[in-house]
Participant: 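Just passing along the structure, written as structure tokens.
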Amino acid sequence: MPTMQPYLYLLLWFAGAHSLDTFRGPLFEVTCPRGALSCEAAYCGFENINEDLPELLLTNLTTSTILYCEKNTCFPCIRVQLTASLAGVENNSSLDEIGSGFEENSDEDYNEGWVKISTSQPEGGITLCAEVKIQFTLSRSRPMATVELSCFRAAMSSEVRVKASTNSGVLQTTHKMEDCTLKDFLENIEWCKVPKINITLEKELQMAVVKIPHNYCMMFKHEVLPAFQSQNQLDGDKLEMTTVYRNFSDIVPCLCIELWSTTIEDARRRKECPFSDATEFQGNVWRLSRLAVEYKGKALQWTLSSPCNMSGEIMLCSRSGDGELCHEIPHSRQNFQVNKMSEFKSVDPHPSLCVKIISGEHVNLSCPFDGDVSSLWKVESKLKRSNVVMTIFHAINHMNFSICIMEGNKCEHFLQKIDQVNQQMKQIDLISQDCLQIWRSDVKFSARITVCPFEMYARARWAPLMVLSLIPVLAVIAILLVKKEILKGCTEVIKWDYNTTPTGSPRKILLLYSVDHSPFENLVSTFASVLADLNIKVVVDLWKRREIGIQGTLPWFHSQKADIVEEGGKIIILFSKGASIKCNAWLNSSGDSETLSDPYDGFMAALNCALPDVTKGNVSGNYVVAYFEDLLNKAYIPEIFRKIPIYSLPSQVAEFLQEIGLPAKCVSDQKKHSCPSNISRCLSNVIKECQIWEESHSTGFRALKKFENMSKEQHERDALIRLPLTKIKNLSIV
């Protein structure tokens, strides 16, 4: 244990267990602890110091921090300790020379010298100076003495240059003044005495309450650089009330509070960041962030304002129709810094051009040119007789375009010749039925418009044939239905045992649906979760939106379809009112006047991948159609899908599960709960929510067109976060 004592003393010294000396006398009081007969000090320039006295040789200069107190007020101060000797006294003969210089004072037995001591603080421009006179006793050797001068006032945390000088030499050092963390300063200096900030979180009020002592004020500040320009009236200004309320919705982890006294000039400020570890406020960072854009020249300037530092990437993308799915424009991705203006150079201001921000799990999509009717170019496609003619209209002469053919995840160069109709119109007589992408090639960043001629061919050529071919199919279905009713009483009720689980690897299904409204989206999620609990691998875009946003809609659905076919899974087309509206409008539209655009949401993009198989009859057991009987009449499912097995849910859950390949087990015990009954119970409440929503927003199939418009509005509710978009000026085309 004795070996630990030195370490204990050292620890106590660093912890502030030692105390500073306290000086209460007048400033520039000097003492002579060793070697000097007497000493005195005065401010520089006073007449009582005679600079004609012999010079001193300076040998050592040290400084220390002390407390200087006047009445009940204390300040940090610097004590200077100086060791000096009298110049000119080297031996015995020197003593005689010195004595001869002071014949008029021959009765005195001492000699004198002087030194000037000064301090300067560069940050405040403060300079202090004192002259010190030292009296030495006469001696045959060189007289030497140590004096202490108390003291030079200094600012907290400052660096002070201390200099001792005579005509023959200079000694200097730098003294680092401590800050308020020093125990003696904290206890004795009023400037350091700032109370702790009292904060309570009132969950019932959803507010943070900050209590401020009297004669104190506070300020909210965000710890982010460059600084965040907050819209909150509480931020950035001095608050002098004793109680401050702040909504939970306006609190972020990097929000800090500064507190200081109003009675002390240039008072010390205490800063605390009490919410830094509060994860419940993390979501407010994105909610309070804003994206400001300005189209200037051919550059799209942008600033992402955020109350806290974030890291991530920003890019340009091309949006398909009114949906939130957006394909990244090549070479536009870059890292972003918050609260700092940046730009994309050489940008085409097309309405489909959007800005996408990705930070961790957060994805934001903002489209600055959305709704701008003054687009520089557009694409129209019309069916003329047996061909599809695509026309590119552009407002600027000699505008250049590039075209490629989409093949899976690749886009191959389009080799067909483009006819120049006039200076502002180009035309192509399309031979290929593959989807194409068109974009401007005379700028660095341009939106890519997707055109799929196959859709027009399908409507014009296949729809009439489908109607004729479905007549015998419907007749067969009618016979089977009659037969089923006859045999219904003779069949045993098939129930699913809870303990039955599929053997081998889980079956994989791809679920396609239309986002009609928020309750229906919740119903789809519940349905997918129930299937997943039965050891079925469910793939649904609802759970893959971030992956889709990065990969692109069409490539993602193509890759999922390929995996399903390869693994022998099923593609489930879940029909609803919105899905029926879109399919019927597509198949029943007039091919002579319909303009081909790119209005796809996720469902239509997926249907674009599946429809070629359906129209050609290449379903080969891979497709299943389902609908919720309480939400949709089977008659509204388009005829073209009647060749695929169709199941009404939840009444035909058992048959549906057998269709997708889940093994069944017949049990005769009526007391056991069946799997279909359990699924029906899971879906019933969610289906009722959908019914309530649809009854309050639509009047049945007579209002299907209105329902379609409303479903588009509801489609805006997505996993993507939409930051407030600020157009700094009217987006103009220069």
Side-chain angles (χ1 to χ4, degrees), residues 320-325 509-533 536 538-545 548 553 557 570-586 599-608 610 624-638 641 646-653 656 660 679-720 722:
S320 298
D322 296 328
E324 298 289 357
L325 302 176
I509 66 169
L510 173 62
L511 192 59
L512 310 181
Y513 69 100
S514 170
V515 185
D516 293 355
H517 46 78
S518 176
F520 187 78
E521 189 178 35
N522 186 33
L523 174 59
V524 173
S525 179
T526 304
F527 182 53
S529 300
V530 169
L531 295 179
D533 291 340
I536 298 175
V538 182
V539 180
V540 57
D541 62 350
L542 179 66
W543 297 344
K544 302 286 185 179
R545 279 176 174 159
I548 294 174
T553 315
F557 278 112
K570 297 282 187 178
I571 300 175
I572 311 299
I573 303 176
L574 188 60
F575 268 93
S576 61
K577 291 181 180 179
S580 298
I581 290 168
K582 295 168 186 175
C583 290
N584 282 312
W586 186 3
Y600 303 119
D601 57 12
F603 174 71
M604 296 304 288
L607 205 58
N608 190 53
V624 177
V625 172
Y627 67 97
F628 295 105
E629 57 207 20
D630 293 330
L631 302 179
L632 181 70
N633 191 318
K634 183 179 179 181
Y636 287 93
I637 298 177
F641 293 95
I646 301 177
Y647 294 95
S648 173
L649 302 177
S651 63
Q652 293 183 315
V653 168
F656 171 78
I660 63 176
I679 294 176
S680 299
R681 285 194 300 271
C682 292
L683 298 178
S684 60
N685 290 335
V686 193
I687 292 175
K688 289 179 181 177
E689 292 178 5
C690 292
Q691 286 180 300
I692 294 172
W693 191 97
E694 292 181 4
E695 288 174 359
S696 62
H697 290 74
S698 179
T699 58
F701 287 104
R702 289 175 295 180
L704 279 178
K705 201 62 181 177
K706 295 181 182 178
F707 183 89
E708 180 184 18
N709 295 331
M710 295 168 64
S711 66
K712 290 180 180 179
E713 295 175 4
Q714 288 295 331
H715 187 44
E716 293 176 1
R717 181 185 179 275
D718 196 80
L720 302 178
R722 187 178 293 277

Participant: Within the structure provided, determine whether Y627 and N633 are in side-chain contact (heavy-atom separation under 4.5 Å).
Facilitator: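 The answer is no; the side chains never approach within 4.5 Å.
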Participant: Does the side chain of L512 come within less than 4.5 Å of V540's, by heavy atoms?
Facilitator: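 Heavy-atom side-chain distance check fails, nothing below 4.5 Å.
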Participant: Would you say the side chain of F520 lies within less than 4.5 Å of the side chain of V515, judging by non-hydrogen atoms?
Facilitator: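 Answer no - side chains too far apart.
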Participant: For the residue pair F628 and F575, is the inter-centroid distance of their aromatic rings smaller than 6.0 Å?
Facilitator: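 No, the ring centres sit 6.0 Å or more apart.
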Participant: Pair S580, F641 - check side chain to side chain contact (heavy atoms under 4.5 Å, CB included), show working.
Facilitator: CA-CA 11 Å; S580 298; F641 293 95; over 6 Å; no
Participant: Would you check if E694 and P519 make a side-chain contact, meaning some heavy-atom pair closer than 4.5 Å?
Facilitator: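 They are not in contact (no side-chain heavy atoms under 4.5 Å apart), so the answer is no.
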Participant: Would you indicate whether the side-chain heavy atoms of V538 and F527 approach each other to under 4.5 Å?
Facilitator: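 They are not in contact (no side-chain heavy atoms under 4.5 Å apart), so the answer is no.
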Participant: So which atom in I646 and which in K634 form the shortest heavy-atom distance, rounded to 0.1 Å?
Facilitator: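 Shortest heavy-atom separation between I646 and K634 comes out as CG2-CE, 4.0 Å.
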Participant: Quick one: pull up CD1 in I536 and CG in L531 and give me the separation to the nearest 0.5 Å.
Facilitator: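 Rounded to the nearest 0.5 Å, the CD1-CG separation comes to 5.0 Å.
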Participant: Would you say I572 and L510 make side-chain contact, with heavy atoms under 4.5 Å?
Facilitator: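 No, side chains not in contact.
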Participant: How would you list, by chain and number, every residue that makes a side chain to side chain contact (heavy atoms under 4.5 Å, CB included) with S651, sequence neighbours excluded?
Facilitator: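 Checked S651 against side chain to side chain contact (heavy atoms under 4.5 Å, CB included); matches are E629, S648.
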Participant: How close do K577 and L631 get, counting heavy atoms only, and between which atoms?
Facilitator: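 Distance-wise, the nearest heavy atoms are CE-O, 3.1 Å.
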Participant: Can you measure from CD1 (I573) to OG (S514) and round to the nearest 0.5 angstrom?
Facilitator: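 Here the interatomic distance stands at 12.5 Å.
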Participant: Taking the side chain as C-beta and beyond, is there a heavy-atom pair between T526 and L683 under 4.5 Å?
Facilitator: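 T526 reaches L683 side chain to side chain.
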Participant: Which heavy atom in Y513 sits nearest to a heavy atom in D541, and how many Å separate them?
Facilitator: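 Closest heavy-atom pair between Y513 and D541: CE2-OD1, 2.9 Å.
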Participant: For E689, enumerate each residue passing the side-chain hydrogen bond (donor to acceptor under 3.5 Å, both in side chains) test, keeping only those at least two apart in sequence or located in another chain.
Facilitator: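 If we apply the side-chain hydrogen bond (donor to acceptor under 3.5 Å, both in side chains) test to E689, skipping adjacent residues, there are no hits.
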Participant: Nearest 0.5 Å, what's the CD1-CD1 distance between I571 and I509?
Facilitator: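 Atom-to-atom, I571:CD1 and I509:CD1 are 11.0 Å apart.
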Participant: Give, for atom CG of L523 and atom CG of N685, the distance between the pair rounded to the nearest 0.5 Å.
Facilitator: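 Atom-to-atom, L523:CG and N685:CG are 11.0 Å apart.
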Participant: May I ask you to test the I679-P650 pair for a side-chain heavy-atom distance under 4.5 Å?
Facilitator: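 Result no, sub-4.5 Å side-chain heavy-atom pair not found.
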Participant: Of all the heavy-atom pairs spanning D516 and A579, show the shortest one and how long it is.
Facilitator: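 Of all heavy-atom pairs spanning D516 and A579, the closest is OD1-N, 4.0 Å.
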